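A quick write-up on the structure given underneath.
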Amino acid sequence: MESTIDFYRNFNEETFDDVSCFLCGKNCDSKTAEHIFPKWLQHKYNLWDKKLTITNGTAIPYRNLTVPCCSECNNVHLSQMEDRFKVLLDKSFKELTFEDEKTIFQWTAKILYATRYKELSLLIDRANPNLGKVISPQELESYSSLHLFLQSIRFQTQFNEPKPWSIFIFPCKDEEFWYHNNIPALCLSMKFGKIAITIVYEENNLISDFMAPLKDLQKTELNFPQYLEANAHIFYSGMLKEKVPHYISSFNQNTKILIVDTVGTLNSRKWVDEEFASVLDFMLFSCGINIGSSVLQSDGLVTSFLVDENNEHLLKKHFRKKDSS
Ligand SMILES: [Zn+2]
């Protein structure tokens, strides 16, 4: 791990603070601040005055969520990535190639990382500045692998197998925009109206296999509680990560190609239904969905919303144990 951090600090002459470009580390002025949630997205879903709750519980309007960004990163690299992402969104993320997945990964990881970067400049408590900032530069270094991956926005990058992410796409019934994340588990989900992406990072594509049955849901339009339940499965899988792989990179100065390799494997704790139930309970609660009790039933089964109009479980063939019907 040390070598990764050393490399990437030398690589960018990185300084983690609130006046350096969040992506390349170059000193920059705030005139070229980058919107963490891009302006086109805020227009499309009318997010400007809506608020995002950050890690210390403060709610900040989306329009104020910006990070320092140099003009080259902003106007060249990020702008091209946004264009690629919009094309994928316009076709509802159908038939994704590896390069498409890389774009989705870059676009979402930028949001997760930049939100944490923003927190470098935000006080934990504005009434009590002595408490310091929401995140320290030392804490931000724990995102060094994610930041390394984000360099793929600036440089042609070869991610050697296995790819360090798992992506799930869910068609949804309603038109609402929705965003939530689980920062310690490094996962997030964004619902662009009738299509949603859920992604987990730094798990070498294992959650994609572990949660493969959820891919069956790509054929069904999910209602909101169903979408949340699918996310609870994925987020909880991310929370089970105990030992994450390490990533090493090399940069060829001649070809300007960055190569990312993985070392080690992912270890995870065992799945515990009671814990999963509390994750789902929390998600439902935080979205104002009240079912009157915990999803954990007295017999130990977990209530599932993933049933069709005939009360048949949508994942019956895979998840019989959790089938509530
Ligand atoms: Zn930059």
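Treat the numbers as computed from the prediction; the structure is a model and nothing was measured. First listed ligand is number 1; within each ligand, the first listed atom is number 1.
A side-chain donor-acceptor contact under 3.5 Å links Trp271 and Asp273.
The Zn ion (ligand 1) lies at 2.8 Å or more from every N, O or S atom belonging to Cys28. Among the backbone and side-chain atoms of His77, none of the N, O or S atoms lies under 2.8 Å from the Zn ion (ligand 1). The Zn ion (ligand 1) has no N, O or S atom of Cys69 inside 2.8 Å of it.
The angle subtended at the Zn ion (ligand 1) by SG of Cys24 and SG of Cys21 is 110°, given to the nearest 10°.
Relative orientation of the Phe235 and His180 rings is tilted, given thresholds of 30° and 60° on the angle between their planes.
Listed for the Glu119 side chain is no donor-acceptor partner under 3.5 Å among the backbone atoms of Ser136.
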Item to check | Phe85/Phe93 under ring-ring contact (aromatic ring centres under 6.0 Å, His included): CA gap, chis, key distance, verdict | outcome: CA-CA 9 Å; Phe85 184 82; Phe93 308 112; 5.6 Å; yes
